[in-house]
Novice: 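Let me give you the structure first, and then I'll get to my questions.
Along the sequence shown, the residues carry numbers beginning at 1.
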Amino acid sequence: MYSNVQPARIALMADSRWRDAYGLAFVRKGLVENGFDARIISFHIAHQAIPLFRPDIIVLNHLFGQRNQRLARHVKRNGGIVCIMPTEGRPDTTHQLSWIAQQANMQDLYDAYFSWSEAVAQIIPKSTVTGCPRFDIYRPEFKYLIENSKMVRAKYGLRDDS
C-alpha cells in the first residue's frame, strides 16, 4: 500500500481544528514548499482518508490511546513512517514529563519524535528538537482562536455547525 521510496505524501493528523489547525497549516505550508504532498486530516475521518490518501508518513500528536496506536500500527504494517509531533502542550512539570516519557516504551510504533524541548528529547528515543507547532496560546495575536470559536467563524464566514 505504501512505497518505501523517498516519502512524498504526508498526513498531518489534527485532533482539534481550533487548537491544532493553525500550527499544522504552517507545517503543511513548509512541507508543500519543499515538494511534499501534505494534507491535514481530522481524526474524525481518518479511517476514510488514510486509505484514500495512502500517506508515506503519518504525523500523530501522541501515542496515548488506542486510536493513535491503531493508526500507527496500520501505517507501519503497510511500510509507512510514523512521526510524533505533540500539539497539546509543552510538558513543564516533573509529573507531565514522566507522563510524556511513557511514549519511550512505544518506540516500536514511531520512527521520529519531534520534541518541543531538549528536556523531552533527552527522555524520548528518536527525538529531534523542533520547537512548538502551536500558535493559539503561545502567541498573543492568536490567543483569541482558542477562546472564541464564534469570532473565528464570523471572521472566516463559517457556519455554526462547521
Side-chain angles (χ1 to χ4, degrees), residues 1-91 96 99-116 120 124-128 130-138 142 145-147 149-150 152-153 156-162:
M1 183 175 194
Y2 302 102
S3 64
N4 285 325
V5 297
Q6 178 171 353
R9 293 179 309 274
I10 302 172
L12 301 163
M13 302 305 298
D15 246 342
S16 166
R17 69 181 140 200
W18 304 113
R19 181 191 62 231
D20 301 335
Y22 290 90
L24 290 177
F26 282 117
V27 171
R28 180 187 181 274
K29 181 179 185 295
L31 291 168
V32 169
E33 288 172 353
N34 283 284
F36 294 95
D37 181 3
R39 312 278 172 93
I40 299 170
I41 300 172
S42 169
F43 278 107
H44 298 293
I45 61 167
H47 292 294
Q48 295 85 11
I50 297 298
L52 291 172
F53 181 49
R54 295 178 326 187
D56 300 298
I57 299 174
I58 187 169
V59 180
L60 302 169
N61 54 347
H62 57 72
L63 281 171
F64 298 109
Q66 292 299 312
R67 176 195 69 187
N68 289 25
Q69 291 173 16
R70 270 194 306 271
L71 279 171
R73 283 187 188 99
H74 172 77
V75 170
K76 290 194 70 72
R77 194 171 38 249
N78 288 290
I81 296 169
V82 176
C83 300
I84 307 301
M85 184 176 68
T87 59
E88 295 189 18
R90 179 178 56 85
Q96 289 172 333
W99 182 73
I100 292 294
Q102 294 174 45
Q103 293 176 108
N105 299 325
M106 302 176 212
Q107 55 185 299
D108 60 314
L109 294 178
Y110 68 91
D111 300 285
Y113 190 99
F114 304 129
S115 172
W116 289 31
V120 173
I124 301 284
K126 307 177 197 173
S127 287
T128 299
T130 58
C132 173
R134 281 186 68 179
F135 295 89
D136 54 1
I137 59 173
Y138 293 100
F142 294 111
L145 296 176
I146 201 167
E147 293 177 350
S149 62
K150 187 173 185 170
V152 173
R153 286 187 183 111
Y156 295 105
L158 301 173
R159 299 184 323 257
D160 284 340
D161 63 344
S162 61

Novice: Hey, does L63 have a side-chain heavy atom less than 4.5 Å from the side chain of L60?
Specialist: yes
Novice: Do I10 and R28 touch side chain to side chain, with heavy atoms closer than 4.5 Å?
Specialist: no
Novice: What residues, two or more places apart in sequence or in another chain, satisfy side-chain hydrogen bond (donor to acceptor under 3.5 Å, both in side chains) together with E33?
Specialist: K29
Novice: Could I get the full list of side-chain hydrogen bond (donor to acceptor under 3.5 Å, both in side chains) partners for Y110, not counting sequence neighbours?
Specialist: none
Novice: Which distance, rounded to the nearest 0.5 Å, do you find between the CG of L31 and the CZ of F26?
Specialist: 13.5 Å
Novice: Can you find a heavy atom in the side chain of N68 that is under 4.5 Å from one in the side chain of M13?
Specialist: no
Novice: Which heavy atom of A104 sits nearest to which heavy atom of I124, and what is that distance?
Specialist: N-CD1, 4.0 Å
Novice: Who passes side-chain contact (heavy atoms from CB on, under 4.5 Å) against Q69, sequence neighbours left out?
Specialist: Q66, R73, M106, L109
Novice: With heavy-atom distances below 4.5 Å as the criterion, would you say the side chains of C83 and Y113 are in contact?
Specialist: no
Novice: Tell me, please, which residues at least two apart from A25 pass side-chain contact (heavy atoms from CB on, under 4.5 Å).
Specialist: I40
Novice: Can you list the residues that meet the salt bridge (charged side-chain N to carboxylate O under 4.0 Å, His left out) rule with K126, with sequence neighbours excluded?
Specialist: none
Novice: Which residues pass the ring-ring contact (aromatic ring centres under 6.0 Å, His included) test with F53, not counting sequence neighbours?
Specialist: none
Novice: Verify, without hydrogens or angle tests, whether D56 (side chain) and A8 (backbone) share a donor-acceptor contact under 3.5 angstrom.
Specialist: yes
Novice: Give me each pair satisfying side-chain hydrogen bond (donor to acceptor under 3.5 Å, both in side chains) with a member in residues 41-52, each pair once, sequence neighbours excluded.
Specialist: none
Novice: Got a sec, which pairs hit salt bridge (Lys or Arg N to Asp or Glu O under 4.0 Å) with one end in residues 61-70, sequence neighbours left out?
Specialist: D15-R67
Novice: Identify, with sequence neighbours excluded, every residue that meets side-chain hydrogen bond (donor to acceptor under 3.5 Å, both in side chains) alongside R39.
Specialist: D37
Novice: Under a 4.0 Å threshold between the charged nitrogen and the carboxylate oxygen, would K76 count as salt-bridged to D111?
Specialist: yes
